[in-house]
K.L.:
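Structure incoming, see below.
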Amino acid sequence: MSNKLDHSMSLASPEPKGISIKQKIAVAIGFTGLFILVLALLNTNFPNQGVFLALSLVLITVGTIIFANDAYLTKLEGIKNDGVWLKSISSRGMLGWIAGVVLTGFYIVLYFYEGLLGAGANGDANTGLIGLFDPLSMLLKGKPASQWFVYGTLYTIAILAFGYKFILKYRHNRYQQLRTVSVMFFQLGFAFLIPEFMQALNYPYYDFKNMWPLNYYFFYDWNINGFLDSGSIGFLMLLFGIVSIFVISPFLTYKYGKRWYCSWVCGCGGLAETAGDSFRQLSSKKLSAWKFERWSIHTVLVFAVIMTVAVLYSYIGNNPDRSVFTRDQFIFGVIAFLSVLFAGIMFFKRQNLNKDAKFAAGAILITIVGILLLNHFSEGNQIFFIEDYNLQKAYGFAIGAVFSGVVGTGFYPILGNRVWCRFGCPMAAILGVQQRLFSKFRITTNGGQCISCGNCSTYCEMGIDVRSYAQKGENIVRSSCVGCGICSAVCPRGVLKLENDNLEGRISSNEILLGNDVDLMDYVNNK
């Protein structure tokens, strides 16, 4: 007889349920696959690297599938977030902190100490973990692996395996199933296989779905020259990238909001939605976090634009024979474009969007000033008195490594799964401005049906207090909203609905009717 007393009077068990025997077996299978990778990291000499690599990836995937099947297919369809705040891994417990430290450590080694992973120096053969992936790399592109090939493979496996788990968890919601299949498809095809096959054909590595400014190196000199040196195919790839930025992306955002990219296509969002799903409730809903978010993400965007202009400014000076414009013409064109945007926002959107329009216009104005200073304090290969190559390295280090990698993914178990998307992604910032200013997308609410359970706010990965909008019956049109639809999926009353409609009445502001504050008929007639 147990001596442990349960003082809880709750009808539901206050203790989190342990995992089943089958789930324990699945965890053992998955960790066996990870253990093979750890052995490779420790320079274990496997007799057949291809076989052991395949075994490792299969075990990781099979373990995840078995775990997901037992966790969700043994239950009825519906919301499955039981005990999420009682589990150590998903509530910033010890397991959560350990996972955060391990992920952060992995990204630090990946970006800054690739030699520890076994990268061959000065033409030497790969060893360790990278050497284990050589057979797969040779099969796909005929070249030895790099740390980025290892990362891309593991990244893709994570999205595919955890995407399957996500589909089972939200199998009651068709929208969630479709968008998860979409991110799995784009990651496997456009982010992994196609770029590797293109390298095998001696074309530049290019992820067609990865646009500037998320693709921060798109306008680097080596990348542009790589496109131009690849003939008509390379030129079309360069042209497609530019058209994606200025035509395709704004049009699709106008039609569907930023969700078309952030929740259906983007690899960063794909990893956040699948492997990071267990941590979505950890995003801060505090007003201070929202204020910091607005400043941080727009600051990163301004920095990204100015650095990109600096990179192109340098390229034009170093490659006048390949440039359509002179440096002065380029700077004038950029400032003219940004000035038109500034004037348009202040003239057409200032009244109905108030702070949001002023915030966007302010960011544009600061960018214009920064570009003018860039033009004034740059000469030859010196940009802001810094060698252009060093400036590119610093930009890539800050945006590509520290923020999007080490912090953005390593901090999943601590700050939630959309840290990078919420606080640092310049692509999310641009799409957010477009979504707020002229997109047809909104989340409509039926305040009369809301029971204030708080599920929507709890599981909003972008830290939006969705419940406050639902209680007032307001449409949700926020720059940060990625349209993942989880708020709608976890709502037990069907209060929230993702819609694309006309722009009229898109942004609403309804006051909450409390008790007998006003006469009900007067309230209805006024509405």
Side-chain angles (χ1 to χ4, degrees), residues 30-46 49 52-53 55-57 59-60 89 94-137 143-159 161-162 187 191-192 195-196 205 207 210 214-217 267-268 270-272 274-276 279 392-415 417 419-420 423-425:
F31 271 95
T32 301
L34 287 174
F35 184 63
I36 294 175
L37 298 182
V38 173
L39 289 177
L41 188 62
L42 298 175
N43 288 316
T44 301
N45 186 20
F46 292 108
Q49 289 180 324
F52 276 89
L53 173 62
L55 180 63
S56 172
L57 300 181
L59 288 175
I60 292 171
I89 188 67
M94 181 177 292
L95 290 179
W97 280 98
I98 291 174
V101 170
V102 170
L103 284 172
T104 302
F106 170 75
Y107 274 91
I108 291 174
V109 172
L110 177 74
Y111 280 98
F112 309 116
Y113 303 101
E114 67 272 13
L116 297 178
L117 299 177
N122 301 320
D124 295 337
N126 292 326
T127 59
L129 183 63
I130 297 179
L132 182 67
F133 282 77
D134 275 344
L136 180 59
S137 181
K143 300 176 182 178
S146 65
Q147 77 266 36
W148 304 119
F149 180 83
V150 173
Y151 179 53
T153 304
L154 296 178
Y155 200 103
T156 302
I157 291 294
I159 288 181
F162 284 97
Q187 176 60 34
F192 185 62
E196 300 299 335
Y205 179 94
D207 178 356
N210 197 17
L214 183 60
N215 182 359
Y216 61 90
Y217 57 81
C268 300
L271 188 70
T274 53
F279 311 111
Q392 291 181 23
K393 287 181 61 178
Y395 176 40
F397 171 81
I399 299 299
V402 175
F403 214 154
S404 67
V406 176
V407 175
T409 307
F411 284 23
Y412 273 10
I414 309 302
L415 299 177
N417 61 325
V419 180
W420 161 246
F423 296 106
C425 178

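Everything numeric in this text was worked out from a predicted model, so none of it was measured.
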K.L.:
Can you tell me how far CG of L136 sits from CD of E196, rounded to the nearest 0.5 angstrom?
P.N.:
8.5 Å

K.L.:
Shortest non-hydrogen contact from G267 to I159?
P.N.:
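Scanning both residues completely, I find the closest heavy atoms to be O-CD1, 3.9 Å.
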
K.L.:
Should we count OH of Y205 as having more than 12 external heavy atoms under 6.0 Å?
P.N.:
yes

K.L.:
Taking Y113 for the side chain and I108 for the main chain, is one N or O donor matched with an acceptor at less than 3.5 Å?
P.N.:
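No, because the side chain of Y113 does not come within donor-acceptor range (under 3.5 Å) of the backbone of I108.
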
K.L.:
Report yes if the side chains of L214 and W420 come closer than 4.5 Å at any heavy-atom pair, otherwise no.
P.N.:
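Counting from C-beta outward, L214 and W420 do come under 4.5 Å.
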
K.L.:
Any heavy-atom pair between the side chains of L154 and F133 that's under 4.5 Å?
P.N.:
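Counting from C-beta outward, F133 and L154 do come under 4.5 Å.
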
K.L.:
Looking at every heavy atom in both L41 and L116, which two are closest together, and how far apart are they?
P.N.:
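Closest approach of L41 to L116: CD1-O, 3.6 Å.
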
K.L.:
Starting at CG of L37, measure out to CG of L53 and round the result to the nearest 0.5 Å.
P.N.:
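It comes to 7.5 Å.
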
K.L.:
Are F279 and I89 side-chain neighbours, meaning at least one heavy-atom pair lies under 4.5 Å?
P.N.:
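Side chain of F279 against side chain of I89, heavy atoms only: contact under 4.5 Å found.
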
K.L.:
What is the minimum heavy-atom distance between T32 and L59, and which atoms define it?
P.N.:
CG2-CD1, 3.8 Å

K.L.:
Restricting to non-hydrogen atoms, name the atom on A145 and the atom on F149 that form the minimum distance, rounded to 0.1 Å.
P.N.:
CB-CD2, 3.8 Å

K.L.:
Show the nearest heavy-atom pair for residues G33 and S56, with the distance to one decimal.
P.N.:
O-OG, 2.7 Å

K.L.:
How are the rings of Y151 and Y107 set relative to one another: parallel (under 30°), tilted (30 to 60°) or perpendicular (over 60°)?
P.N.:
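It falls in the perpendicular class, over 60°.
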
K.L.:
Measuring from atom CD1 of I36 to atom CG of L55, what distance do you get when rounded to the nearest 0.5 angstrom?
P.N.:
4.0 Å

K.L.:
If you count heavy atoms of other groups shown closer than 6.0 angstrom to CH2 of W148, is the number above 12?
P.N.:
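It does: W148 CH2 has more than 12 such atoms within range.
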
K.L.:
Taking all non-hydrogen atoms of both residues into account, name the closest pair between P135 and L132 and its distance.
P.N.:
CD-O, 3.3 Å

K.L.:
To the nearest 0.5 Å, how far apart are CD in Q147 and CD1 in I130?
P.N.:
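Here the interatomic distance stands at 5.5 Å.
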
K.L.:
Roughly how far apart are F106 CZ and L117 CG, rounded to 0.5 Å?
P.N.:
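So the CZ of F106 and the CG of L117 are separated by 6.5 Å.
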
K.L.:
For the pair N43 (side chain) and G128 (backbone), establish whether a donor and an acceptor sit closer than 3.5 Å, ignoring hydrogens and angles.
P.N.:
yes

K.L.:
How long is the span from the CG atom in L415 to the CZ atom in F423, to the nearest 0.5 Å?
P.N.:
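Answer for the CG-CZ pair, L415 versus F423, is 7.5 Å.
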
K.L.:
For atom CG of N45, decide whether the heavy atoms of other residues, nucleotides or ligands shown that lie under 6.0 angstrom number more than 12.
P.N.:
no

